[in-house]
Amino acid sequence: MFRTIKTFGEFGRIGEFDTRRGLVKTPTFMPDGTRGVVKSLLPSQVAKTGVQVVLANTYHLHLAPGENVIQELGGVHAFGGWKGPILTDSGGFQVFSLDKHTKITEEGVTFKDPATGDKHFISPEISMQIQLALGADMIVAFDHLIGLDESSQHKTLEAYERTHRWLVRCVTEFKRLTANMKPSERPLLFGVVQGGLDLELRRKSLDLVQASEVDGIAIGGLSVGEPQADMFRVLKALAPHYDNARPRFLLGVGAPADLRFAYEHGIDMADCVLPTRNARHATVWIDGDIKTHLTNARFTKDPLPIDPTCDCYACTNGFSRAFLKHQFKVGEPLAGSLASIHNLRYLSRICEQYRSI
RNA sequence: GCAGAGUUAGUGAAGCGGUCAAACACAACAGACUGUAAAUCUGUCGGCUUUAGCCUUCGUAGGUUCGAAUCCUACACUCUGCA
């Protein structure tokens, strides 16, 4: 149950909710640790940026090392060392990102591993089973996600309908798997809203998800190549219709401007690879949301920290832009780690600014 | 001193008569990245102008040829054998 502490603006809210692994204060940003950990960072470093929840991925952990291995070793928390809440994505995103390697039927999705050629079948039920076995504290229903370029718009309705049929199966399987758990031991299930850029469909999708027995509302299918204005239009249209008792999770959004818009339109939590991937690719955000390539020649002798206004470890411990540029140029992984710390802190600070309104 | 091999754009290295401003790699420069097939990918990379074009380049200087980075001669330098 989501507790609203305060509202701001027309749709924004500050609040908190409980997971079996502890309290989550919102708005919050959750970095993606696809294989169980945030790439290039120690859990302690992630925690110090203000991150409360880390994401992990059903698809990747199912392929290797397998949920059975992780379960035997004590679950994904023990496995990767993250003590706070963990949210697993369902594998639904891979239906989209591995599009060319998948075969979708009503029963589920067959993935052909691009690396090995091995086939893996994931259905709504199997996704629930994997996520429960991994030991996640929040899990996501297995949905059908499509791109939003012109060539795929005709699939919007199909994906929307399938997502809801699959949601029913997810809820049923989830209830079966958690039947013997106390409410305080049970992970939270998020249903996914789809509908592409069709506001009517989006609205219906939200109603359907909110009418089902899910703990949280996830907004999916955005930030998949559509113009920013389209994403904003959808978020704006959904904003007045959310159920106040449940947390709202925007899947896959992480650009500062997008997060701000989302939080101001009723979103409580979001995840994204952007801060950490960009960081490993030498790109950081600097005060004012200025996207900056640290490898640019102009930083060769720059003694300043990444962002003089930032309080992250990298910015307050003497690491100059010149040093980071050099480390990136010579391929030292420390540069990516320091930049990741900075970018995560940058997004956490945005969240903290909203939480302190 | 003799005999071989070599000298190509920032570096390494292809090319061995025309389709060569010259493959490829690295470096350099710029960019992309939004529920991670991503510590990855893309573009530029002789000069001037720029859809096209013009000019100057392949150790140096000559020569052969309609045409040379590619063939010949001389010279310079480098490496490997033999003295």
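It should be emphasised that the depicted structure is a prediction, and the values quoted were computed from it without experimental measurement. So you know, we letter chains A, B, ... as the sequences are listed, proteins then strands, and number each from 1.
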Between [options], which nucleotide gets closest to the side-chain atoms of [X]?
| X | options | answer |
| --- | --- | --- |
| A:N296 | B:G31, B:A38, B:G35 | B:G31 |
| A:V273 | B:U36, B:A39, B:A37 | B:U36 |
| A:S97 | B:A37, B:G35, B:C29 | B:A37 |
| A:D271 | B:G35, B:A37, B:C33 | B:G35 |
| A:D143 | B:G31, B:G35, B:A39 | B:G35 |
| A:H281 | B:U36, B:G35, B:A39 | B:A39 |

Phosphate contact ([N] OP1 or OP2) by [X] side-chain N/O below 4.0 Å:
| X | N | answer |
| --- | --- | --- |
| A:K329 | B:C29 | yes |
| A:K291 | B:A32 | yes |
| A:Q94 | B:A37 | yes |
| A:N57 | B:U36 | yes |

Watson-Crick or G-U counterpart of [N], or none if no pair lies under 3.5 Å:
| N | result |
| --- | --- |
| B:G81 | B:C2 |
| B:A28 | B:U44 |
| B:G17 | none |
| B:U34 | none |
| B:C71 | B:G63 |
| B:U51 | none |

Q | Verify stack between A:H60 ring and B:U36 base, 5.5 Å, 30 degrees | A | no
Q.
Using side-chain hydrogen bond (donor to acceptor under 3.5 Å, both in side chains), reason through A:T283 and A:K291 one step at a time and then give a plain yes or no.
A. CA-CA 7 Å; A:T283 307; A:K291 191 174 160 189; over 6 Å; no
Tell me which donor-acceptor pairs under 3.5 Å the side chains of residues 249-263 of chain A have, and how far apart each pair is, sequence neighbours excluded?
unit_1	atom_1	unit_2	atom_2	d
A:D258	OD1	A:Q228	NE2	2.7
A:R260	NH1	A:D289	OD1	2.8
A:R260	NH1	A:D289	OD2	2.4
A:Y263	OH	A:T28	O	3.0

Q) A:T283 or A:T276: which one's nearest nucleotide on RNA chain B is closer to the 5' end? A) A:T283
Q.
Considering every strand and a 4.0 Å limit on heavy-atom distances, what is the contact class for A:V224: base, sugar-phosphate, or nothing?
A. nothing
Q: Would you classify A:L145 as touching base, sugar-phosphate or nothing, given that sugar-phosphate means primed atoms plus P, OP1 and OP2, and contacts are heavy atoms under 4.0 Å?
A: base
Q) Looking at A:R165, A:R169, A:R162, which one forms a salt bridge (Lys or Arg N to Asp or Glu O under 4.0 Å) with A:E107? A) A:R169
Q.
Do A:R13 and A:Y242 form a cation-pi contact, if we require the NZ or CZ to be under 6.0 Å from the six-membered ring centre and within 45 degrees of the ring's axis?
A. no
Q) Do A:R246 and A:M1 have side chains that get closer than 4.5 Å, going by heavy atoms? A) no
